[in-house]
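Note sheet for the following structure.
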Amino acid sequence: MASSSSSHLPQSVFNPRRHVGVHAERVSDVSSTEFPGHYPGEDHSWNLAKFKQNLKVSVKRLSQRSVEFDLVGVDAAIANAFRRILIAEVPTIAIEDVFVFNNTSVIHDEILAQRIGLIPLNVDPRLFDFRPPGGIPMDRNTLVFKLNVTCERAKKGSSSPYINEYVKSGDLVWEPQGEQATVFASRPPAATNPDIVLAKLRPGQVIEMELHAIKGVGKEHAKWSPVATATYRLHPLVLLNPSKPVPPEHAQKFAKCFSPGVVEVSAAGEVSINERYLRTETMSREALRHKEFEGCVELKRIRDWFIFQVESEGPYTPESLLPESIKVMRGKIASIRAAAEALLEDSQHLGGGVGPDADGDVNMGGQ
Amino acid sequence: MAVYGEEEDWGRVAQTHWRGLGLTDPIKSVEDKWLLLPAFLKVKGLVKQHIDSFNYFVDVDIKNILKANNKVTSDVDPRFWLKYTDIVVGFPDRTDADAIDKSVTPHECRLRDTTYSAPILVTIQYTRGKTVVRRANVNIGRLPIMLRSNKCVLTGRNEAQLARMTECPLDPGGYFIVKGTEKVILVQEQLSKNRIIVEIDPTKGVVQASCTSSTHGGLKSKTYVATKKGKIYLRHNSIHEDVPIAIALKALGIQSDKEILLLTAGNHEAYKSAFSPNLEEAAKLGVFTRHQALEWIGSRVKVNRRVVGPRRPSWEEALEALATIVLAHVPVHGLDFRPKAVFVATMTRRVLMAMDDEKMVDDRDYVGNKRLELAGQLLALLFEDLFKTFNANLKAAIDKVLKKPSRTSEFDAFNTMQFQGDHITAGFVRAISTGNWSLKRFKMDRAGVTHVLSRLSFISALGMMTRISSQFEKTRKVSGPRALQPSQWGMLCPSDTPEGEACGLVKNLALMTHITTDVEEEPIIRIAFMLGVEDISLATGAEIYGPHTFVVNVNGSIIGLTRYPARFVSNFRRLRRAGRFSEFVSVYINHHHRTVLIASDGGRICRPMIIVENGRPKVTSEHIAQLKQGQLTFDDFLRKGLVEYLDVNEENDSYIALYEKDIVPGTTHLEIEPFTLLGAVAGLIPYPHHNQSPRNTYQCAMGKQAIGAIGYNQLNRIDTLLYLSVYPQQPMVKTKTIELIGYDRLPAGQNATVAVMSYSGYDIEDALILNKASLDRGYGRCQVLRKNATLIRKYPNGTFDRLADAPLDENGQVQKKYDIVQTDGLAGVGERVDPGDVYINKQTPTNANDNSFTGQAATVPYKNTPMTYKSPVAGQIDKVMVTDTENDQTLIKVLIRQTRRPELGDKFSSRHGQKGVCGLIVNQEDMPFNDQGIVPDTIMNPHGFPSRMTVGKMIELLAGKAGVLAGKLQYGTAFGGSKVEDMSRILVENGFSYAGKDMLTSGITGEPLEAYVYFGPIYYQKLKHMVMDKMHARARGPRATLTRQPTEGRSREGGLRLGEMERDCLIGYGATQLLLERLMISSDQFQVDACEECGLLGYNGWCPYCKSSKKMAQLTIPYAAKLLFQELMAMNVVPRLVLDDA
């Protein structure tokens, strides 16, 4: 399919091999075909120089809580690995143990504890150790908070009839333990958002509890996930068929089938794609639904162009999340590498050479 | 919609022309006429039928019963009399003797296991010596009070007042609280009384007309007029033999054969010839005169008279039987048998008609032939019975006192009355709490009349209040009574019925139905006469069956004739609409039988409808506007004659338009809203009109099992078992019914984001995949609260139970299992209870049942009888309550709570009868996600759709998704609701595919999925069936004492049975050793010593029969076999074992 000549996008984007086809009722070509041996006469073995040339990471939008960046030139497996690690394996601090001394509110202890557990804390997890199961709480692995709230009737004339009607995440009081007072002097631990309602109280009701926060990862419990969501989508591409232009009388309708700004209609009713807005296209496939546009347009997505959208919950700044996930991934690679090397070493010791044994099984781990 | 603009415009133009209206004609539709429905429910409430019936009983019927039994006399002193002049049911109060504040709330009764009842107060007049004394407010007993009835303290209270009484404003009421349990008297369905039902038995060719008579005395008897070998007979239980119809009519005073023929067959030739053999029959039997007829019947009447007196002549017996027992509901005044004769003649004529044309039979299943019996009627019967016994006891007591020759003071009957005990109170409590209505006096013996109100969910409680149970036997395999009857339309819910044996027999009321209570018939009859009806007793047969005459019936009795039935009926209706008599009196014409039928009896089902006159509905937009502003109520609509109630029979005589556009010149009424044909439970289903019908029925059953909110007072309740949802949500796709019944305020479910796709293979057979992160965040989390109660009793010998603090072990430490028991002997609130922990440390005297004990109660030895926590999963102490019951025993209730997150095997269901268990819990990162990064909470397998055809569920998803995007709730009301086209438009406007299908990316590979996935929110209910309550396994465990075999059932930690069929398989396969192991070694293996000589069992190597130990052998047999040998020996059968080495 032809491409527009004055393109903001790199020409390689129009390479059909990079396209995932978005059709009316199905998606085609979801997997990359550029692997060794697929195309005769082409060398697709992995090449660092080529990878470096193709790889592009660029931040498109950065706010206090979220980041949108493009990751171009990697396989879906790599992009997905980052997404998965962001959700499940980048450690954070969350409240795990709740010691209830008194709770006369309507909300039950264990439900309140669950709610408290889900509060995102602003603590940098890199300053903490993991506490092993059954381990002793220490200043290096446990943060202590107090939650003591009593509701009372307010004096007449005040805005609300009650004092402490709502127990909010801002009511958590940090109690420094050991060296914590100095380590966290610059940024005292607290909830990222002080306005999360934990419970509602009425006069006479008391909540009195001690909370212990520890380090953990998202696959253990969602409260340790550092992101509200980490996701990606593939860069959209709308290709107009030059041999069958959109009928001018339906041009406006055609434009409405796409996200605002994606399709431009000239005064003469000629239709063109504004590539600046192309990444905002939601791929509603509305254009494929109408008979009059049949054959006029093709919808594609670029298979190795990942538009990442990451929303941080607080402990990490949004821009530091990807590096953190790379750190976790490198850690994993390191352990696999160590295991593989140990395996190699073992087989050399035995002298039997690397390879399967009589059953055809490769012995891992060296026992 | 712009896309379809052209096509639609053309369609609209075509449509207006087709309707025969110009384009400029004003549209005069009544907007929002459904608002009448909330107005109706505001006046009547959701369970109006129960409450109305109870109110009628306490306000009207109880007075009638008193009037019928108002005098107590003495056999000893003829000058003595006692008369009841008035009866009043008071308001519920406290019975505790030393109470200062007498007021009581229903919730206190629930907690304290007491009865929510009010005193029955009578005013009496009686003779004391020579003076007549009047006493008012004499308490004769207590009546359990229906919640939200006239006499209930909750009636007319606002939300804040109800909150102060810890009562839920959404609770419908209509039930009783007896001994702390909430009891409902279910509505009973019966065949209507006092009406003629004609049936044909096609196998025997018998035509019979039957009539069950019921008078206010409660006596019931059934009279038949049936054919036998082509001749017609009258049959009744109190007459031994079938009475030839001519003899019966002669006995009733129609002596001439000509008159008999005119009254039965009229001038119809076919009828005449069919009837003539009957006249011959009488002649053949030699019966010509009335006296002869009476003699003939009299010699065949069953006489059950205990009073020994001179035997009365048989004609007198016959006269009495005919006057009082046969067709008892037709009045006989001063030996004027004419009305009864006409009634019998009418029955005969109906038989003749059915003989001539077999289409002229009645349908037993027709809803118009049914009457519903409610709490009020049942209580009235019970009260009459109890009151009669009370009076009999009172009379006996008075006689006993009066019999004494001399008294110190003048006899005062009031004192005797005070010592009458609590016969009435106990009678009510017993009947309601057991459900046994056994009233010998009225030949009534029914069990299972009351049920415990199911508080599983708000819907289950509500569903129970609208339930109707049929008297019909459940075991019989007849389809007729179970089938959906066309006349159920709008009255009974077509979807809400259980599956299985009670299918179609247990029904539910539709949303707008009302059940009538009795209306006095005398004024109605007077009005009928004033409107020109001629008295029946002045008419002859020729007139009755004249070509233009219609017979007028009131409640089944024939009162007169009219020659202008249409005019009469319309005049009658006009008077009703003007409010000259009760709106619940129905009138209609039956053209087949040439009758005008007026009904004012109780138990008819009816519903309101908008009146249409001259092709225009009488309710206009102005009325609705006034209704919106609160200037009009539903009763005003009734009073103004804009709306009226129609019962099933009158409905059949009307021409009702479903929508305003359907009104044609003949239309008489307009439906208020079509979705009211569903009941409260079926009303929860969004888009039910798009579903396959059985799916809606399944949802009706499952909606009652959904875990959600029970009531605003749910955390104050201490129920045996309470399931609560932690985060219930109102559905994204609501219905109008949901808002009307308050399900949006007490929901039972959550809006789950669902992806309809296959995932992993753990989703086959309706299994669901759940997202672990959703569960972490609280999706599907629920609480189970269980009550554990005990009494701290005082024993007759003066000893009493006590609570003790935790005992110490040798080291002076509190044992682990007592660690939550505090010094008062009760577990602390909020403590965690582990399996095996003691939470009430009760101790009982060792000699509690020793009535000869006379020592000091303080010195008796005690044994521990603690309450231990048995569930395998730890719980929390939620509440501890210590109180006194009505009979001064200390009652302790401990509520233990478990909070559960969904696990593998827990059951979920959408609102479309699509249930499934959780098959796999998947981490969030493994779940598929869409472009926004949205991950589903639940993945549902698409194979659930094609065969179930639950299109409603698909539309719910679409509407829900559109609602989420637009930020508002959508409606899925039956026969209406948000349109799919609009929903699609919202989706497209928000950049989604119109079809609701999203492009997802696999969370595992990171590549896009090759298909689009139907993706959006669906309301999911968590059902009460959870694996935790069901899982069971056993290696070894308890055994039954008698057989030494493993116990049965999960509750007794029983074994898993290898049944007959499994045994057959093993035999067939030949796995003998496995059989031996399963059936003996692992079960009740037992070593016995048997004697090879005599073949009997011995012990310790000794044969007590042979008195020798020489030839003893040891063998292993099942203990059950040993038991069998011993039992046979006890029956003088000798089982001898023949031992041989194989």
Side-chain angles (χ1 to χ4, degrees), chain A residues 20 22 25-28 30-32 75-81 83-89 100 102-103 106 108-111 114-115 117-118 218-219 221-223 225 228-234 252-253 256-259 280-286 289-290 301 303 306-307 309-311, chain B residues 2-3 5 715-716 724 726-727 771-778 781 783 785 829-832 875-876 878 897-901 923-927 929-935 984 987-995 997-1013:
Chain A
V20 172
V22 177
E25 291 300 336
R26 73 193 170 94
V27 183
S28 65
V30 294
S31 303
S32 164
D75 196 68
I78 304 296
N80 192 35
R83 185 191 68 87
R84 292 169 60 90
I85 289 169
L86 279 171
I87 291 171
E89 285 180 286
V100 185
N102 197 6
N103 171 17
V106 287
H108 297 135
D109 297 352
E110 62 272 22
I111 295 162
Q114 187 236 355
R115 294 178 69 89
L118 288 168
K219 61 182 168 188
H221 191 283
K223 69 185 172 187
S225 189
T229 184
T231 183
Y232 60 75
R233 60 196 169 97
L234 302 181
Q252 286 301 337
K253 187 182 169 189
K256 273 199 174 155
C257 293
F258 294 89
S259 297
T280 67
E281 167 57 24
T282 58
M283 302 301 255
S284 69
R285 315 189 290 284
E286 186 66 6
R289 183 180 155 205
H290 302 294
R301 300 193 100 148
R303 194 184 296 115
F306 300 95
I307 302 172
Q309 173 83 40
V310 180
E311 286 172 40
Chain B
V3 184
L715 297 179
N716 295 313
L724 300 177
V726 174
Y727 296 115
N771 181 343
K772 179 165 165 290
S774 308
L775 306 187
D776 288 343
R777 292 176 176 122
R781 207 163 277 224
Q783 296 183 303
L785 298 109
V829 173
E831 293 277 13
R832 196 178 77 204
Q876 250 85 22
D878 191 80
R897 145 170 54 93
Q898 287 179 348
T899 303
R900 300 175 176 179
R901 67 182 264 160
N923 282 334
Q924 183 186 346
E925 65 270 19
D926 289 333
M927 286 296 227
F929 55 95
N930 72 357
D931 280 2
Q932 280 81 20
I934 300 172
V935 177
S984 286
L987 289 183
V988 170
E989 279 166 4
N990 288 280
F992 282 81
S993 163
Y994 76 101
K997 291 199 276 188
D998 284 359
M999 185 174 165
L1000 297 195
T1001 309
S1002 164
I1004 300 170
T1005 67
E1007 287 172 351
L1009 297 179
E1010 285 194 271
Y1012 300 115
V1013 173

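Chain naming here is simple, since letters A, B, ... match the order of the sequence lines and numbering starts at 1 in each.
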Looking at B/Thr899, B/Asn930, B/Asn923, B/Leu715, which one has more heavy-atom pairs under 4.5 Å with chain A than the rest? B/Thr899
Check: B/Lys772 side chain, A/Ala222 main-chain N or O, donor-acceptor pair, under 3.5 Å: no
Heavy-atom pairs under 4.5 Å with chain B, option from A/Val30, A/Ile85, A/Thr231 with the top count: A/Val30
Between A/Arg83 and chain B, which part of the residue has a heavy atom less than 4.5 Å away: side chain, backbone, both or neither? side chain
Heavy-atom side-chain proximity of A/Phe306 to B/Thr1001 below 4.5 angstrom: no
Whatever's closer than 4.5 Å to a heavy atom in chain A on B/Phe929 counts as side chain
Under 4.5 Å to a heavy atom of chain B? For A/Leu234 that would be side chain
Just wondering, do B/Glu925 and A/Leu86 contact through their side chains at under 4.5 Å, heavy atoms? no
If one checks every heavy atom of B/Gln783 against chain A at 4.5 Å, the contacting part turns out to be side chain
Can you tell me which portion of A/Thr229 sits under 4.5 Å from chain B's heavy atoms? Options are side chain, backbone, both or neither. side chain
Pairing of B/Lys997 and A/Glu25 as salt bridge, 4.0 angstrom limit: yes
Nearest non-hydrogen partners of B/Glu1007 and A/Ala76, listed with the distance: CG-CB, 3.8 Å
Taking every non-hydrogen pair under 4.5 Å, which of A/Asp109, A/Leu118, A/Ile111 racks up the most with chain B? A/Ile111
Segment of A/Val22 engaging chain B (4.5 angstrom heavy-atom cut-off): both
Close side-chain approach of A/Glu110 and B/Arg897, heavy atoms under 4.5 Å: yes
Enter the distance from B/Leu724:CG to A/His108:NE2 here, rounded to the nearest 0.5 Å. 8.0 Å
With a 4.5 angstrom heavy-atom cut-off, which part of A/Arg285 approaches chain B: side chain, backbone, both or neither? side chain
B/Tyr1012 side chain to A/Arg26 main-chain N or O, any donor-acceptor pair under 3.5 Å? yes
Note: B/Asp931-A/Arg301 ion pair, threshold 4.0 Å (strictly below): yes
Do you know which of B/Gly830, B/Ala773, B/Ala995, B/Pro1008 has the most heavy-atom pairs under 4.5 Å to chain A? B/Pro1008
Can you tell me if A/Asn80 uses its side chain to pair, donor with acceptor, with the backbone of B/Ile1004 under 3.5 Å? yes
Under 4.5 Å from any heavy atom of chain A - which part of B/Ile934: neither
For B/Ser1002, which atoms come within 4.5 Å of any heavy atom of chain A: side chain, backbone, both, or neither? backbone
Proximal component of A/Gln114, with respect to chain B [non-hydrogen, under 4.5 Å]: side chain
Should A/Val27 and B/Met999 be marked as a side chain to side chain contact (heavy atoms under 4.5 Å, CB included) after you check the CA-CA gap, both sets of side-chain angles, and the distance that decides it? CA-CA 8 Å; A/Val27 183; B/Met999 185 174 165; 4.0 Å; yes
B/Val988 vs A/Arg289 side-chain heavy atoms within contact, under 4.5 Å: yes
Hey, which of A/Ser259, A/Ala77, A/Ser31, A/Ala81 has the most heavy atom pairs under 4.5 Å with chain B? A/Ser31
Counting only heavy atoms closer than 4.5 Å, note whether B/Asp926 contacts chain A via side chain, backbone, both or neither. both
Quick one: pull up CD in B/Gln924 and CD1 in A/Ile87 and give me the separation to the nearest 0.5 Å. 4.5 Å
Looking at B/Gly991, is its backbone amide N or carbonyl O close enough to the side chain of A/Ser284 to form a donor-acceptor pair, meaning the two atoms are under 3.5 Å apart? no
Cut-off 4.5 Å, heavy atoms of chain B, and the answer for A/Phe258 is neither
Pick whichever of A/His221, A/Glu281, A/Arg233 has the most heavy-atom pairs under 4.5 Å with chain B. A/His221
Any idea which of B/Gly778, B/Gly1003, B/Gly933 has the most non-hydrogen atom pairs under 4.5 angstrom with chain A? B/Gly1003
